Amino acid sequence: MTNHTPRVFSGVKPSGGLQLGNYLGAIKRFVDMQGQDFEAIFCVVDLHAITVWQDPKELKAATREVTAGYLAAGIDPAKSVLFNQSQVPAHAELAWLFNCVARVGWMNRMTQFKDKAGKNAEKVSLGLYAYPALMAADILLYHATHVPVGEDQKQHVELTRDIAAKFNHDYGAEGFFPLPEPIIDGPATRVMNLRDGSKKMSKSGESDMERINMTDDADTIAKKFKKARTDPEPLPDTLEGLKGRPEARNLVDIYAGLSETSPEAVITEFAGAGWGKFKPALADLAVEKLGPISEEMARLMNDTVEIDRVLAQGAEKAEAIAQPILDQTYDIMGFLRSRKG
Ligand code: AMP
Ligand code: TRP
């Protein structure tokens with residue numbers, strides 16, 4: 001039971017459209033891993049989306065949009081399992097079991113909950129608080145060993161390890177659940193807001209100018225980078241020179257992420273350049289890289305029959321892996337299971 005085959009799991013919430021941080025910090029990296037020696041499972045985590053209010057009239061469209069993003073970026077349903085979470089009920093079942101493993105003290109340390117709940121902690125949903133246990137269930141339901149995510153999800157993957165270790169220990173099932181590794185690499189694991197370099201770029205920020213949406217057209221992308229906040233200094237000739245300049249650092253990291261180089265290489269190329277030179281170069285690069293993806297997304301989103309078919313097939317494949325692991329978990333915990341043989 002201790003030797004787990006390498007398996008990747010990751011997810012993106014359909015809580016609005018995809019933004020550049022989702023692409024550089026997550027989906028683009030998933031595509032890179034797909035080519036390696038991993039079995040890969042990618043999920044549109046719709047059960048996570050409803051931890052904050054989602055209009056039922058929009059949830060399906062958002063689910064299809066995230067799916068289109070995965071496909072357009074290069075996730076191939078013949079190579080990876082691609083599905084939406086709510087079509088595999090085992091996620092919700094294992095999450096309940098993990099709610100009884102995770103400790104309240106652990107949940108209280110989750111910084112994302114504190115940030116999201118803010119002063120409103122009494123009014124947010126219980127699901128928002130419990131959400132990391134559902135995320136642990138997503139990962140461990142497949143005995144996944146590697147979890148590529150953006151920097152903001154590191155603590156949740158660490159909690160997943162704690163849940164796995166406590167379960168294995170409490171039930172005398174050493175090695176049953178693997179302790180998955182967070183994979184947080186590359187230059188753009190934390191893409192920042194274009195108007196405020198101290199905040200993460202997100203789907204839900206108040207102004208559209210602070211993020212690049214995966215569906216933005218070329219003119220919009222160029223305009224947003226042109227208006228992105230910077231400082232008056234030109235680009236330095238070493239990475240050190242970007243210290244204390246979060247907006248400048250962010251644009252360099254985005255350039256590195258899109259061009260698949262390192263921030264150091266970008267600095268070497270643009271040492272001494274002013275924003276009047278760098279921003280148009282960044283806009284051109286972004287249009288070149290994102291344009292084909294957004295065109296393909298638009299095409300796919302028009303073909304909802306095909307998207308729904310991909311998700312249904314993916315859910316079947318996911319369930320075939322998940323159900324035996326869920327069944328074993330129930331058995332280990334001692335549930336009476338006379339319906340199943
Ligand atoms: P979410 O949209 O919150 O479901 O995030 C899906 C994935 O995208 C997770 O792995 C996040 O860590 C990643 N992600 C979201 N926003 C960013 C960002 N601004 N920079 C880097 N990664 C991000
Ligand atoms: N919590 C992640 C986010 O908000 C999304 C997510 C849900 C996830 N389940 C997951 C990521 C499992 C990796 C693995 O971004």
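Start at 1 and go down the list; that is how both ligands and their atoms are numbered. Residue numbers count from 1 along this sequence. All values reported here derive from a predicted model rather than from experimental measurement.
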Original post:
Which residue owns the protein heavy atom closest to atom 5 (C) of ligand 2, what's the atom, and how far is it?
Top reply: Gly11 O, 3.7 Å

Subject >> Pair Phe9 + Phe42: ring centers closer than 6.0 Å >> reply: no

Subject >> Backbone or side-chain N or O of Asp138 under 3.5 Å from ligand 2 N or O >> reply: yes

**OP:** State, without any angle test, whether Glu247 and Thr230 hold a side-chain donor-acceptor pair at a distance under 3.5 Å.
**Re:** no

Subject >> Salt-bridge present (Asp253, Arg249; N to O < 4.0 Å) >> reply: yes

Original post:
Considering only the protein, which heavy-atom contact is closest to atom 10 (C) of ligand 2, and what is its distance?
Top reply: Met135 CG, 3.5 Å

**OP:** Indicate, with yes or no, if Leu159 and Leu47 share a hydrophobic cluster defined by side-chain heavy-atom contacts under 4.5 Å among Ile, Leu, Val, Met, Phe, Trp and Tyr.
**Re:** no

Original post:
Are Lys154 and Glu158 close enough for a salt bridge, meaning some N to O gap below 4.0 Å?
Top reply: yes

Subject >> Partner of Gln153 by side chain to side chain contact (heavy atoms under 4.5 Å, CB included), out of His156, Glu151, Gln155 >> reply: His156

Subject >> Which of the ligand 2 atoms, numbered from 1, are nearer than 4.0 Å to a heavy atom of Ser10 >> reply: 11 (C), 13 (C), 14 (C)

Original post:
Looking only at heavy atoms, is any part of Leu134 under 4.0 Å from ligand 2, and if so is it the side chain, the backbone, or both, or is it neither?
Top reply: neither

Original post:
Which residue, Thr63, Asp46, Asp308, forms the side chain to side chain donor-acceptor pair (under 3.5 Å) with Asn84?
Top reply: Asp46

Subject >> ligand 2 contact on Val147 by region, counting heavy-atom pairs under 4.0 Å >> reply: side chain

Subject >> Atom of Ala286, atom of Ile221 and distance for their closest heavy-atom approach >> reply: CB-CG2, 3.8 Å

Subject >> Contact (N/O only, under 3.5 Å) between Tyr131 and ligand 2 >> reply: yes

Original post:
With a cut-off of 4.0 Å, which atoms of ligand 2 are near a heavy atom of Val149?
Top reply: 11 (C), 13 (C)

Pairwise, report which nitrogen or oxygen atoms of ligand 1 are under 3.5 angstrom from protein nitrogen or oxygen atoms, and how far apart they are.
{"from": "ligand 1", "atom 1": "2 (O)", "to": "Asn22", "atom 2": "ND2", "distance (Å)": "2.9"}
{"from": "ligand 1", "atom 1": "2 (O)", "to": "Lys203", "atom 2": "NZ", "distance (Å)": "2.6"}
{"from": "ligand 1", "atom 1": "3 (O)", "to": "Lys13", "atom 2": "NZ", "distance (Å)": "3.0"}
{"from": "ligand 1", "atom 1": "4 (O)", "to": "Lys13", "atom 2": "N", "distance (Å)": "2.8"}
{"from": "ligand 1", "atom 1": "5 (O)", "to": "Asn22", "atom 2": "ND2", "distance (Å)": "3.4"}
{"from": "ligand 1", "atom 1": "8 (O)", "to": "Asn22", "atom 2": "ND2", "distance (Å)": "3.2"}
{"from": "ligand 1", "atom 1": "10 (O)", "to": "Gly150", "atom 2": "N", "distance (Å)": "3.2"}
{"from": "ligand 1", "atom 1": "12 (O)", "to": "Gly150", "atom 2": "N", "distance (Å)": "2.9"}
{"from": "ligand 1", "atom 1": "12 (O)", "to": "Asp152", "atom 2": "OD1", "distance (Å)": "2.5"}
{"from": "ligand 1", "atom 1": "16 (N)", "to": "Gln19", "atom 2": "NE2", "distance (Å)": "3.2"}
{"from": "ligand 1", "atom 1": "19 (N)", "to": "Val191", "atom 2": "O", "distance (Å)": "2.8"}
{"from": "ligand 1", "atom 1": "19 (N)", "to": "Met201", "atom 2": "O", "distance (Å)": "2.9"}
{"from": "ligand 1", "atom 1": "20 (N)", "to": "Val191", "atom 2": "N", "distance (Å)": "2.8"}
{"from": "ligand 1", "atom 1": "22 (N)", "to": "Gly21", "atom 2": "O", "distance (Å)": "3.2"}

Subject >> Identity and distance of the protein heavy atom lying nearest atom 7 (C) of ligand 2 >> reply: His48 NE2, 3.4 Å

**OP:** State the NZ-CD distance between Lys13 and Gln54, to the nearest 0.5 angstrom.
**Re:** 9.5 Å

**OP:** Please confirm whether His156 comes within less than 3.5 Å of ligand 2 when only nitrogen or oxygen atoms on both sides are compared.
**Re:** no

Going by atom type alone, with no hydrogens or angles, which donor-acceptor pairs under 3.5 Å involve a side-chain atom of residues 175-190 and a protein atom two or more places apart or on another chain?
{"from": "Asp185", "atom 1": "OD1", "to": "Arg29", "atom 2": "NE", "distance (Å)": "3.1"}
{"from": "Asp185", "atom 1": "OD1", "to": "Arg29", "atom 2": "NH2", "distance (Å)": "3.1"}

Original post:
Nearest protein heavy-atom contact for atom 15 (O) of ligand 2: which residue, which atom, what distance?
Top reply: Gln153 NE2, 3.3 Å

Subject >> Atoms in ligand 2 flagged as close to Lys13, the criterion being non-hydrogen separation under 4.0 Å >> reply: 3 (C), 4 (O)

Original post:
Angle class for the Trp275/Phe278 ring planes (parallel below 30°, perpendicular above 60°, tilted otherwise)?
Top reply: perpendicular

**OP:** Answer with yes or no whether the side chains of Tyr70 and Asp76 bring together a donor and an acceptor at under 3.5 Å.
**Re:** no

